[in-house]
Amino acid sequence: MSAVPAPLPANAEAEGSALRLRHISKVFGGVHALDDVSFEVRRGEVHCLAGENGCGKSTLIKIITGVYSPEAGAEIEIFGEPANHITPTASRRRGIAVIWQDLALFPEMTVAENIAFDTLVGGLPRRVRYGAMRAMASAVLERLGVSLDLGARLRTLPIAQRQIVAIARALAGEARLIFMDEPTASLTQSETDSLLALVRSLSERGVAVVFVSHRLAEVLEIAERVSVLRDGRLVGVFDAEGMTQLRLTELMTGKTLSHAVAARDMSAERPVLELDRLGRDGEFDDISLTIRAGEVLGLTGLIGAGRTELAHSIFGMTRPDRGTMRLDGRALRLHSNRDAVAAGIGYVSEDRLSLGLIQQQSIADNIVLPVLAKITGRAGLISDRKKADLVTHRLHEFAVRIGTPQDPISTLSGGNQQRVVLAKWLATEPRLLILDSPTVGVDVGARAGIFEITRKLADMGLAILLISDEVPEVYFNADRILHMAAGRIVAEHDPRNVTLSDLEAAIYA
Amino acid sequence: MRDFLRYYPTEARLLVVLAVLCAGLGLASDNFLTLGNFASLLNNNSVNLIWAVGLLVVLIAGGIDISFAVAASVVQYVCVYAFEALGGGNWALGFLVAGVLGIGLGFVNAALIHGFRIISIVITIATFNAFFGLLMFITKGRFLYDMPDWWVDRILIFERQMADGRWVELTLPVAVMAGCVAATWVLINHTTTGRQLFAFGDNPEGAKRAGVNIAAMQFIAFGWMGMMAGIGGLMQVNIVQEVVPNALIGRELEVLAAVVLGGARLGGGRGSVLGCVLGVLLVAITQNGLNLLGVSPYAFKMIVGATILIAISTSNMALAPRRVGKGQ
């Protein structure tokens, strides 16, 4: 690990590069946020940095701008000059500017001060030249073809105008390399169009732009090359020409979307949950469905179709106005979710982090929470032995990698937290398990693990209702798929008789 | 003028309230709208104003300081012994010693806040107790009256006899206060450091990404507060001609309320010198008016408290629609 950078090969490309990174790693608390990443941006190029949430994009940008320092061994070259110790001011001076996803603006300061903020930083304390700042700000806004009240405080501006201020700030310092982290997230279509036009004109004038966006269509339209990051590693650098959205998604997620369909015919099994024309005013209506023992029933549809509302009624959190529910052939009347748990229904919520777990409590305490009555000994006090037995058993079953069961939940990764949520509900020994968007905020590797567990639970005879708005998720993991729209079930699909693209077309139509 | 109303709504509102209050008190009491009354208002509130502008800087930088009034007492005691050791001292030495001691105590706060990343209210409550406990322990609560003459002599910077024979006088602390207010105004509005303080208080993460030195911001804010605490302590001795260890306790909350009334935001990024001065004056004039009207002193606190509550809750009401807009 020498601090001296290895001499770069003197080829023509090095001359044309605005930014060249090699061997960039960053470790936070033992976890590799970035692992030996290389990244190169050519002068005047529009380069897209693609990847899922948490793949390391933001960390990479923070390293380039000197907010974080990389681990030893990193080589950074900005416009052909080695730059191994970067501070935010130094990176700015070398011509790098960033439009942060959260804008990083100052709401209480004026528009002019926000745009010309970099003139206030660095060097010795000196007089503020408000006139020069205003002139600078109005010149940049003129270049952008926008007019804003320079003396207004930023907080009085609507969010789209703040976005423009952030862009103006990046352009104010004659930047030669601009990072745009989700710049279009809060813009309307016409504002987005003018931003993309601006990016093109910047590129024509030799300014390199690194564009980060979740809107893949936008990315492929504007970028010349795409660097894909996944789980802190560089997957590769690709030409945007000839790249499709589907291929890019596959590269970002690492999921090949040509899985085998796991569906089986479960129609011979005994029914566990039967709903007959269930309805609740303003939420859903006329819902009839059956879930059988060992079956995974997928429920999908657009956001707002009423899926979660239906789940809440099945779990006793809301009361249906019409229709009947039967569990194991017996009529089911629920007054609260405690009734539902007692009847044998488990629910893993969509918002797993805030609703499913108590973050500050230990792993063990979280697992036993729904079943406290089962682990009490004499005098109604909790028996430590019973608790320990139950916890060890469940953790083993789910292969959760942890230090000890006494560690707080917050020390676990997202995927492992999800497994603990599953373990928690399985401790209630349910006959029906509702999984509501179980992979939201879970990284790619853990997703596969969750569906493995789901399948295992089904094989143990549980009935599973899998709710997801990601069609591929239900397509590859459910035995049958119900399509819900506007509070009603509009179609039933058998994954074995339909292609994924036809199914997606039907649902997104 | 329109720009003033648009960009400084808090200050404009305070000016209006103050004007209405003064007009009302002028009608109710013959003594209120006199030069003599205003001079004594300034004389009596100069120390609070010195502390207020110091606290303003801390609030702008996103912090809070509970310990400054006790720090001022500590400075007073150390000064008494320091001047004795230095053979009497003089004003120049006085400002130097008080200022440097105050800055030192401010740096203690800054070092703890920055070093341990603990919020300033917790640290300054701790140092408030530590400073005060240490002071009482070492001094055993003794009062000091034996100060050098230059320190306790009344110095007039303005005097004039009115037609009715009474004297209108402004004392040295008023001049010092004017200097502190002006210096703070220059610092926060006309230096890059001051603007960085605003930015740091407004959005610490954004300031950090823009290359603002976070540690420097804490030391500058609390150092400035400390310097004002020390100078205010020095002036307080000039006014009351004695050093009493627990005389200043409680003043920190009074000053804090006045500064917040003046539009400084707990949480940082917002506040102005004008607003701060108006906030202190509003509280002072309310008290002064009640006094002239012969209202019981026990009712003062209640009325002043109510004034502050009304002022602060109505200023939040005006901001409410904007917050809704922000969420969209």
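Just the heavy atoms: all of them, side chains too, but no hydrogens, waters or symmetry mates, feed the values below. Predicted, not measured: the structure shown is a model, and the values here were computed from it. Every chain is numbered from 1 and lettered A, B, ... according to where its sequence line falls, protein lines coming before strand lines.
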Report which part of [X] has an atom under 4.5 Å of a heavy atom belonging to chain B: side chain, backbone, both, or neither.
| X | answer |
| --- | --- |
| A/Arg92 | neither |
| A/Leu157 | neither |
| A/Arg169 | side chain |
| A/Val67 | side chain |

Practice problem: Specify which of B/Gly201, B/Ala210, B/Gly194 makes the most heavy-atom pairs with chain A at under 4.5 Å. | Solution: B/Ala210

Exercise. Say whether B/Asn109 and B/Thr124, considering side chains only, have a donor N or O and an acceptor N or O under 3.5 Å apart.
Key: no

Quiz item: Just checking, is any N or O donor in the side chain of B/Glu252 or B/Ser67 under 3.5 Å from an acceptor N or O on the other one?
Solution: no

Quiz item: Hey, is A/Glu75 close enough to A/Arg20 for a salt bridge, meaning N to O under 4.0 Å?
Solution: no

Among [options], single out the residue with the greatest number of heavy-atom pairs under 4.5 Å to chain B.
| options | value |
| --- | --- |
| A/Glu113, A/Arg153, A/Arg129 | A/Glu113 |
| A/Trp100, A/Phe117, A/Tyr130 | A/Trp100 |
| A/Thr65, A/Asn114, A/Asp118, A/Leu105 | A/Leu105 |

Quiz prompt | Heavy-atom side-chain contact between B/Leu49 and B/Val277 under 4.5 Å | solution = yes

Practice problem: Before giving the answer on ring-ring contact (aromatic ring centres under 6.0 Å, His included), spell out for B/Phe107 and B/Phe222 the whole-Å C-alpha distance, their side-chain angles and the decisive distance to 0.1 Å. | Solution: CA-CA 6 Å; B/Phe107 279 4; B/Phe222 282 90; 9.9 Å; no

Please tabulate, for the side chains in residues 136-144 of chain A, all donor-acceptor contacts under 3.5 angstrom to protein atoms that are two or more places apart in sequence or on a different chain.
residue  : atom : partner  : partner atom : Å
A/Ser138 : OG   : A/Arg134 : O            : 3.3
A/Ser138 : OG   : A/Ala135 : O            : 3.2

